Amino acid sequence: MNNFKLKKNDLFVEDISIKKLAGKFATPFYCYSSNAIINKFKKFESPFRNSDTIICYAVKANPNIAILKILSNLGAGAEVVSVGELRRALKAGIKAKKIVFSGVGKKFSEIKFAIEKNILQINIESIEELELITKIAKNLRKKVQIGIRINPNIDAKTHTKISTGREEDKFGLNIETAKKIFLNYRSNPNLDIVGLSVHIGSQIMSLSPFKKAFLKIKNFIKKINKNEKIIKFLDLGGGIGINYKDEKIINFNSYAKIISDISNDLGCKLILEPGRILVAESGILVTRVLFIKKNKKKTFAIIDTGMNDLLRPALYDAYHDIQSIKKGIGRKSLYTIVGPICETADTFAKNKLLNRLNTGEILFFKNVGAYGASMSSSYNSRPIIMELIIHKKNFSIIRTEDTVLNQISREKIPSWVSKIK
Ligand code: LLP
């Protein structure tokens, strides 16, 4: 079912009119369709339903606790990369035994918290990290399940800033180092080194890099498990891309088939860490045109949302379709759509052909449910914006807008400043 429908000069998200919401609440705001998330999760999960697989949603894609709760109710676990994400996942009711903790730079306090909460697995990315975990676990008298994140040196053929599986990337450990870890740390009483993980990047559009990386991991597991089943958990990360602009996406069943082909004779429990694919298409960003400005070269549509609310275009030159809720009639014009932030990078589209835009008109960005709100900031002292979710005929605010007063209240002017002349 299409959860976003343009009709009668309005956009409906499920059964709710965006025109009405934009009349009730100040723009900009994020708005999600719960149905879109539910359907996507079910579709993604279905080929894995009869296998021993935990779908650990990558919280970084969208960490709102309402969204985590929806996914948790559907049976998802979580992949977290900070104590903040871990707290969110627990708060949303995700069981600790369904949570994996990844990331190259975990702090002492984060590791300690994760161990105290008895999460499923910590995926380590360096020997120093493993040493630190050992110390903390010893002090806490705990045994910690460990996964070793492998860097398979495979190019995921995606944007370089979100490629994580090449040798030059900071992520994971090479196979030789992993082998040494198995040899040297396996008998440690505070460690249970039973997992391998791999995540080669995000917004991946073809199966072949996955296939190559998974095969490398499979061969490694076969070697390690030759005489004794040492590796019992295989975490294959996330990374499936979505269609932002006429891109052909990976078929879930083919992805599942690759996974079943490589894992069927390994006898490992599987962990998958999808982020974007589960939530990206569920979200729009609703904004209004503030001003139209023309110069000799361009017509700018200046809108009320900026790169602080949606960073992806500025950071990765990412494409997000922008549409008006109004039905197009009459002549079209080329617009360069920009935000209010004082940077030229705050440009969302260049020379985009749109129906004549007017001041105050409501526009929306598509496919911003992943890495939209989660990457927002209060740059230029713009408050973090509201998030709403629609469920059939109901809408709920799932994050209120921050306020500037709230921002300022955390700041202090030291007393000595008053003496500066
Ligand atoms: N697992 C690990 C270890 C990860 O680092 C990530 C994403 C995922 C899973 C989920 O990947 P996904 O299924 O969402 O592709 N901000 C960027 C994306 C960065 C992804 C970082 N890691 C963007 O807006 O495109």
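All values derive from a computational prediction rather than experimental measurement. We count ligands from 1, going down the list as the structure has it; atoms in each ligand are counted the same way.
Phe233 pairs by the ring pair (Phe, Tyr, Trp, His ring centres under 6.0 Å) definition with nothing, not counting sequence neighbours. Among residues two or more places apart in sequence or in another chain, the ring pair (Phe, Tyr, Trp, His ring centres under 6.0 Å) test is passed with His391 by none. Residues forming a ring pair (Phe, Tyr, Trp, His ring centres under 6.0 Å) with Tyr255 (at least two apart in sequence, or on another chain): Phe210.
Side-chain N or O atoms of Arg166 include one that pairs as donor or acceptor with a backbone N or O of Thr160 at under 3.5 Å.
A salt bridge links Asp321 to Lys352: at least one charged side-chain nitrogen sits closer than 4.0 Å to a carboxylate oxygen.
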Enumerate the pairs of nitrogen or oxygen atoms, one from ligand 1 and one from the protein, separated by less than 3.5 angstrom; state names and distance to 0.1 Å.
{"unit_1": "ligand 1", "atom_1": "1 (N)", "unit_2": "Glu273", "atom_2": "OE1", "d": "2.5"}
{"unit_1": "ligand 1", "atom_1": "13 (O)", "unit_2": "Gly239", "atom_2": "N", "d": "2.8"}
{"unit_1": "ligand 1", "atom_1": "13 (O)", "unit_2": "Gly275", "atom_2": "N", "d": "2.9"}
{"unit_1": "ligand 1", "atom_1": "14 (O)", "unit_2": "Arg276", "atom_2": "N", "d": "2.8"}
{"unit_1": "ligand 1", "atom_1": "14 (O)", "unit_2": "Tyr371", "atom_2": "OH", "d": "2.6"}
{"unit_1": "ligand 1", "atom_1": "15 (O)", "unit_2": "Ser202", "atom_2": "OG", "d": "2.4"}
{"unit_1": "ligand 1", "atom_1": "15 (O)", "unit_2": "Gly239", "atom_2": "N", "d": "3.4"}
{"unit_1": "ligand 1", "atom_1": "16 (N)", "unit_2": "Tyr316", "atom_2": "OH", "d": "2.8"}
{"unit_1": "ligand 1", "atom_1": "24 (O)", "unit_2": "Arg312", "atom_2": "NE", "d": "2.6"}
{"unit_1": "ligand 1", "atom_1": "25 (O)", "unit_2": "Arg276", "atom_2": "NH1", "d": "3.3"}
{"unit_1": "ligand 1", "atom_1": "25 (O)", "unit_2": "Arg276", "atom_2": "NH2", "d": "2.8"}
{"unit_1": "ligand 1", "atom_1": "25 (O)", "unit_2": "Arg312", "atom_2": "NE", "d": "3.3"}
{"unit_1": "ligand 1", "atom_1": "25 (O)", "unit_2": "Arg312", "atom_2": "NH2", "d": "3.0"}

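A cation-pi arrangement is absent between Arg399 and Tyr30, since the terminal nitrogen or guanidinium carbon is not both under 6.0 Å from the aromatic centre and inside a 45° cone about the axis.
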